[in-house]
Amino acid sequence: MVAEFTGALMLAALGALTREALPTAATTLGAAGAGLVGVIGLAALYTGLGRGQMGIMAPLSAVIARSVPVLAGLWYHGLPSPLQLAGFALALAAVWLLAGSGEVRADGVQLGLALTAGLGFGFYFVLIELVSREGVYWPLAGARVVAGLALMAVLLARRQPLLPGRKASCRCAGSSASPVWSSPPPPW
């Protein structure tokens, strides 16, 4: 959450320094949507990685994240170049080989998290591309503000500290004991 707000401040400063025009209402709405789907993707990615299946979570969510802009590009611009299609096919083949190696097994929840992460990131890319035609810094700052507010709402709902370095209340029986959380830790 702090990183989102810090990034928003830096992007807003760049927008002001470069005298970029303030965004329209439609651009602001699109940037807000990008921030929301982006933070959903981020939460799903970290939740999936936390479940211990990095070998399938990272590549599968990455391929899905790239497929959304490819499909949007098909819609807006037609068929990609043969080299781009070959690269996409290689990425899909890599995920298939990794998943079929027997080393990595994912359950339905893990696959759902990878799908959610990939779709969240993919729609973030599409929405940011659409709204950044009017400017770069202000739409990115808006997306970060919305992502930060969404994370703040989750932290407040879960009664977690808002600032880093502060721990949820914990009682430990010694240095080797695991903490007993007063409320469950966030999934990411």
Note to self: Tell me which pairs pass salt bridge (charged side-chain N to carboxylate O under 4.0 Å, His left out) where either residue lies in residues 135-148, with sequence neighbours left out.
What the structure shows: Glu4-Arg144

Note to self: List the residues meeting side-chain hydrogen bond (donor to acceptor under 3.5 Å, both in side chains) with Glu20, not counting sequence neighbours, and say none if there are none.
What the structure shows: none

Note to self: If I compare all heavy atoms of Leu36 with all of Ala150, which pair ends up nearest, and what's the gap?
What the structure shows: CD1-CB, 4.2 Å

Next item on the list: Establish whether Val109 and Leu60 are linked, either directly or via other cluster members, by ILVMFWY side-chain heavy-atom contacts under 4.5 Å.
Entry: yes

Check: What's the shortest heavy-atom distance between Ala31 and Pro139, and which atoms?
Finding: CB-O, 3.3 Å

Next item on the list: Taking side-chain contact (heavy atoms from CB on, under 4.5 Å) as the test, write out the residues that go with Leu45, two or more places apart.
Entry: Leu49, Met57, Ser61, Ala117, Phe121

Margin query: I need the minimum non-hydrogen distance between Met1 and Leu162, along with the two atoms involved.
Written below: CE-O, 3.0 Å

Next item on the list: Among Thr28, Val131, Leu29, find the residue that satisfies the side-chain contact (heavy atoms from CB on, under 4.5 Å) test when tested with Pro23.
Entry: Thr28

Notebook entry, point to check: Are Leu79 and Leu85 close enough, and set up right, to give a side chain to side chain contact (heavy atoms under 4.5 Å, CB included), and what steps lead you there?
Noted result: CA-CA 9 Å; Leu79 199 60; Leu85 288 173; 4.2 Å; yes

Check: Can you name the residues that form a side-chain contact (heavy atoms from CB on, under 4.5 Å) with Leu90, not counting sequence neighbours?
Finding: none

Check: Is Leu71 linked to Ile64 within one hydrophobic cluster, defined over Ile, Leu, Val, Met, Phe, Trp and Tyr using a side-chain heavy-atom separation of less than 4.5 Å?
Finding: no

Next item on the list: Just jot down the salt bridge (charged side-chain N to carboxylate O under 4.0 Å, His left out) partners of Arg133, sequence neighbours excluded, or say none.
Entry: Glu129

Check: For Ser67, which residues count as a side-chain hydrogen bond (donor to acceptor under 3.5 Å, both in side chains) partner, sequence neighbours excluded?
Finding: none

Next item on the list: I would like to know whether Leu149 and Phe5 meet side chain to side chain contact (heavy atoms under 4.5 Å, CB included); could you show each step before the answer?
Entry: CA-CA 9 Å; Leu149 290 172; Phe5 287 130; 3.9 Å; yes

Checklist line | Residue pairs fulfilling side-chain hydrogen bond (donor to acceptor under 3.5 Å, both in side chains) with at least one residue in residues 134-143, sequence neighbours excluded | finding: Thr24-Glu134, Thr27-Glu134

Checklist line | In one Ile/Leu/Val/Met/Phe/Trp/Tyr side-chain cluster, 4.5 Å: Val39, Val2 | finding: yes

Check: Tell me the salt bridge (charged side-chain N to carboxylate O under 4.0 Å, His left out) pairs involving residues 56-81, sequence neighbours left out?
Finding: none

Notebook entry, point to check: What pair of heavy atoms forms the shortest contact from Ala141 to Ala12, and how long is it?
Noted result: CB-N, 4.0 Å

Check: If Ile, Leu, Val, Met, Phe, Trp and Tyr residues are connected whenever their side-chain heavy atoms lie under 4.5 Å apart, and connections chain through other members, are Leu9 and Leu163 in the same group?
Finding: no

Notebook entry, point to check: Taking only residues two or more places apart in sequence, or in another chain, which ones meet Thr116 in a side-chain hydrogen bond (donor to acceptor under 3.5 Å, both in side chains)?
Noted result: none

Notebook entry, point to check: Under the side-chain hydrogen bond (donor to acceptor under 3.5 Å, both in side chains) rule, what pairs show up with a residue in residues 73-83, not counting sequence neighbours?
Noted result: Ser81-Gln84

Checklist line | Residue pairs, two or more places apart or on separate chains, that pass salt bridge (charged side-chain N to carboxylate O under 4.0 Å, His left out) and touch residues 23-51 | finding: Arg51-Asp107

Next item on the list: Can you run down the salt bridge (charged side-chain N to carboxylate O under 4.0 Å, His left out) pairs that involve residues 85-95, sequence neighbours left out, and say none if there aren't any?
Entry: none

Item checked: Atom of Ile128, atom of Ala143 and distance for their closest heavy-atom approach -> CD1-CB, 4.1 Å

